[in-house]
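Worksheet: one structure, shown below.
These figures come from a predicted structure and were not determined experimentally. In what follows, every chain begins at residue 1, and chains take the letters A, B, ... in the order their sequences are listed. As a basis for the values below, the full set of heavy atoms in this structure was taken, side chains included, without hydrogen atoms, waters or symmetry mates.
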There are 2 protein chains.
Amino acid sequence: MNVIDESGILAIATRLQRLSDQIRKDGFQIYKAHGIDFEPKWFPVMYTLFHKPVLSVVEIANEIGYTHPSTISLLKELEKEKLIRSKKDKIDERKRLLQLTDKGQTLVGKMQPVWDVLKIATAEMIDTENNLMRAIEEVEGQLKEKSFFDRAAAQMKRV
Amino acid sequence: MNVIDESGILAIATRLQRLSDQIRKDGFQIYKAHGIDFEPKWFPVMYTLFHKPVLSVVEIANEIGYTHPSTISLLKELEKEKLIRSKKDKIDERKRLLQLTDKGQTLVGKMQPVWDVLKIATAEMIDTENNLMRAIEEVEGQLKEKSFFDRAAAQMKRV
DNA sequence: CAAATATATGTAGTAGACTACATATATTGA
DNA sequence: TCAATATATGTAGTCTACTACATATATTTG
């Protein structure tokens, strides 16, 4: 075991990111193995527009939990791939409304069996004594109650 | 609840990254609140060199689980901050040996109480029904046995 | 109803990791 | 022993998110 793994929770941010990268990389390869040209980072937008067909930029950003600039750059890529298209909102001229194209719809159809496979494979992978997905949700809940910073500050006073 | 959180494990990579960023950001603020000018990304290198005083570039990379180019750029920053220094290995001329400077040693000393606070705050935060740190370790173990890609491939054949 | 404020979108540059490639030195094996 | 291979380090450019700032339209309020 290396020093970092021993340091345990001090390097937890690093560990989370490493795991995320690993999963994403394999995710890309799994799509590829199914003959689908799809980048995992596109999933949140495509999945969201599949379930809520017409949304503005900020609405999508909120749904996927990204900032709007990050969202805009994803949208640009997806428009370039002709998987989504946009039109001005006639009521509110500030808004740009996004939706899947026919090509986008078709791709989602093709991806759905892959998503089923991914779901099962992931479930199997994280089904251990401490379930990773539930752990994430629980920690997110904890952070909502009291931020990490506040927890450290409270601890500081005690020491 | 938004669509992505509902999509559950399909967006697990995104969720992991989001959580990592959040923790890292607060981590930086916590050092700052202690009057310490230290970036969380430097932790793995500093912690490693504190426990193993003289290491080469690749040895550090292996300890912290990063690639060597990533490690090199961290080392550059730390040398610029004069927290570490390097010298040629006299036996193996290819190697560059790194170690903490006096300033680096002193900083680690100052950080140790902060690390204690961070440890306790983190432990408190992740001490839920499903412990996040243990979940990470368990999933890393699962991936060592069989990659995510191989799991999906096996699942594919079954469907 | 016009000024102030809020919201929606967009651009530019940054951060922290990566891969791919290049070079220098060390080791190995025919 | 020297050619082939392996290892150590370094550079350049990429990727996927971010923050900070800018602009355009809508809404609110004095």
Rounding to an integer number of Å, can you tell me how far [X] [atom1] sits from [N] [atom2]?
{"X": "N62(B)", "N": "dT7(D)", "atom1": "CG", "atom2": "C1'", "answer": "12 Å"}
{"X": "F43(A)", "N": "dT16(D)", "atom1": "CZ", "atom2": "C1'", "answer": "17 Å"}
{"X": "L16(B)", "N": "dT16(D)", "atom1": "CG", "atom2": "P", "answer": "16 Å"}
{"X": "Y66(A)", "N": "dG10(C)", "atom1": "OH", "atom2": "P", "answer": "19 Å"}
{"X": "I23(B)", "N": "dG16(C)", "atom1": "CD1", "atom2": "P", "answer": "16 Å"}
{"X": "L75(B)", "N": "dG10(D)", "atom1": "CG", "atom2": "P", "answer": "8 Å"}
{"X": "L74(B)", "N": "dA15(C)", "atom1": "CG", "atom2": "P", "answer": "13 Å"}
{"X": "K41(B)", "N": "dG16(C)", "atom1": "NZ", "atom2": "C1'", "answer": "6 Å"}

(request) Verify the contact: side-chain N or O of S70(A) to OP1 or OP2 of dT16(D), cut-off strictly under 4.0 Å; return yes or no. (result)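 The answer is no; no side-chain N or O of S70(A) sits under 4.0 Å from OP1 or OP2.
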(message) Can you tell me if K76(A) touches the phosphate of dG10(C), counting only side-chain N or O atoms and a distance under 4.0 Å to OP1 or OP2?
(response) no
(message) Run I126(B) and N131(B) through side chain to side chain contact (heavy atoms under 4.5 Å, CB included) and show every step you take.
(response) CA-CA 6 Å; I126(B) 68 174; N131(B) 183 291; 3.8 Å; yes
Hey, does [Y] have a side-chain heavy atom less than 4.5 Å from the side chain of [X]?
{"X": "Q142(A)", "Y": "D127(B)", "value": "no"}
{"X": "V108(B)", "Y": "L49(B)", "value": "no"}
{"X": "Y66(B)", "Y": "L74(B)", "value": "yes"}

Listed nucleotide nearest any side-chain atom of [X], set [options]:
{"X": "I72(B)", "options": "dC18(D), dA17(C), dG10(D)", "answer": "dG10(D)"}
{"X": "R24(A)", "options": "dA17(D), dG10(C), dC18(D)", "answer": "dA17(D)"}
{"X": "T67(B)", "options": "dG10(C), dT19(C), dT9(D)", "answer": "dT19(C)"}
{"X": "Q17(A)", "options": "dG16(C), dT11(C), dA17(D)", "answer": "dG16(C)"}
{"X": "V58(B)", "options": "dA17(C), dA8(D), dA12(C)", "answer": "dA8(D)"}

(request) Would you mind telling me which residue lines up with the more 5' stretch of DNA chain D, K25(B) or E77(A), judged by nearest nucleotide? (result)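 Upstream on the strand: E77(A).
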(request) On DNA chain C, check which nucleotide each of D21(A) and V57(A) is closest to and give me the residue with the more 5' one. (result)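 Mapping each residue to its closest nucleotide by heavy atoms, the 5'-most match is V57(A).
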(request) Run the salt-bridge test on E63(A) and K52(A) with the 4.0 Å N-O cut-off and return the result as yes or no. (result) yes
(request) Would you jot down, in residue-number order, the residues of residues 83-100 of chain A having a non-hydrogen atom under 4.0 Å from DNA chain C? (result)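 Heavy-atom contacts with DNA chain C come from R94(A), K95(A), R96(A).
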(message) Return the CG to CG distance between L83(A) and L78(A), rounded to the nearest 0.5 Å.
(response) 6.0 Å
(message) What residues from residues 31-39 of chain B pass a heavy-atom cutoff of under 4.0 Å to DNA chain D?
(response)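 Heavy-atom contacts with DNA chain D come from no residue of residues 31-39 of chain B; none.
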(request) List the steps, then state whether side chain to side chain contact (heavy atoms under 4.5 Å, CB included) holds for F28(B) with F149(A). (result) CA-CA 9 Å; F28(B) 178 74; F149(A) 182 86; over 6 Å; no
(request) Take the angle between the ring planes of W42(B) and F38(B) and call it parallel below 30°, perpendicular above 60°, tilted in between. (result) perpendicular
(message) Using a 3.5 Å distance criterion without hydrogens, assess whether the side chain of T106(B) forms a donor-acceptor pair with backbone atoms of D102(B).
(response) yes
(message) Among R96(A), K87(A), R85(A), exactly one meets salt bridge (Lys or Arg N to Asp or Glu O under 4.0 Å) together with E79(A). Which residue is that?
(response) R96(A)
(request) Answer with base, sugar-phosphate or nothing: what part of the nucleic acid does S56(B) contact at a heavy-atom distance below 4.0 Å? (result) sugar-phosphate
